[in-house]
Amino acid sequence: NAGVMQNPRHLVRRRGQEARLRCSPMKGHSHVYWYRQLPEEGLKFMVYLQKENIIDESGMPKERFSAEFPKEGPSILRIQQVVRGDSAAYFCASSPPVWDRVDEQYFGPGTRLTVT
Amino acid sequence: GENVEQHPSTLSVQEGDSAVIKCTYSDSASNYFPWYKQELGKRPQLIIDIRSNVGEKKDQRIAVTLNKTAKHFSLHITETQPEDSAVYFCAASPLGGGGADGLTFGKGTHLIIQP
């Protein structure tokens, strides 16, 4: 049973370019979460999605950042016009659609974004 | 919103000794409290969790306690081993028990096991 998959694992972008980060949840999981981790810091919640719906985006910057989880395919976190401050590790997590375990989040390996 | 404080930021213990990491949270509505272990450059791994209807939970050498009145919870690792060296994060969720939402994390504790 494959775990949460993320790609690419490493992404280098120049300032002003777009970054696209992909996340495939664990098989059978229908809840996806995105977090950002700066060096030597904890994880900061960005957005929570279910298939075709954004449930909570309270942690996501209002500009340049967007997320989607289409009916088919992986969840995408998109960062437009990247700046150096966007350099971080971006982790995706998923949780099962089981009422008493829906809050258990399992993390992917992360995408390390470097903006030059 | 929820705020989670974690102490200490660094903890060094002798191999075989116990380690205790403490967290406090601010939102009395939080009901789910997981702990994650993250090794350098790796993903956070869920190692144990506790829900608000339970005061203590144990899994081999790892235990977690929860005091809802005081709004704090702790991770206890007994008989520490070198492979326990990592950064440990506590977290709190505003829902749990059938609901789901983003986790609020503490800043982490770097646990160092001295041989």
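So you know, we letter chains A, B, ... as the sequences are listed, proteins then strands, and number each from 1.
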Does CZ belonging to A:Arg78 count more than 12 external heavy atoms closer than 6.0 Å? yes
Pair A:Phe45 + B:Phe105: ring centers closer than 6.0 Å: no
What about A:Val82 and A:Leu77, same hydrophobic cluster or not, with Ile/Leu/Val/Met/Phe/Trp/Tyr joined at side-chain heavy-atom distances under 4.5 Å? yes
Flag yes if more than 12 heavy atoms outside B:Gln114 fall under 6.0 Å of its CD atom; otherwise flag no. yes
Using heavy-atom distances under 4.5 Å, tell me whether B:Pro44 contacts chain A through its side chain, its backbone, both, or neither. both
Looking at A:Gln6, A:Lys44, A:Gln37, which makes the most heavy-atom pairs under 4.5 Å with chain B? A:Gln37
Any chance CD of B:Glu83 has more than 12 other-residue heavy atoms, nucleotides or ligands included, within less than 6.0 Å? yes
Non-hydrogen atoms of chain A under 4.5 Å away: do they reach the side chain of B:Gln6, the backbone, both or neither? neither
Counting heavy atoms not belonging to A:Glu41, are there more than 12 under 6.0 Å from its CD? yes
If every non-hydrogen atom of B:Tyr36 is compared with every non-hydrogen atom of A:Gln105, which pair is closest and at what distance? OH-O, 2.6 Å
Does A:Gln81 have more than 12 heavy atoms from other residues, nucleotides or ligands lying within 6.0 Å of its CD? no
Go through A:Val47, A:Asp56, A:Val4 and name the one with the most non-hydrogen pairs under 4.5 angstrom from chain B. A:Asp56
Return yes when atom NZ of A:Lys51 has more than 12 non-hydrogen atoms of other residues, nucleotides or ligands closer than 6.0 Å, and no otherwise. yes
Whether B:Arg43 side chain and A:Tyr106 backbone form a donor-acceptor pair below 3.5 Å: no
In Å and rounded to the nearest 0.5 Å, what is the OG to CG distance from A:Ser95 to B:Leu103? 9.0 Å
Best-contacting candidate, B:Gly1, B:Gly41, B:Pro34, B:Ser9, against chain A by heavy atom pairs under 4.5 angstrom: B:Gly41
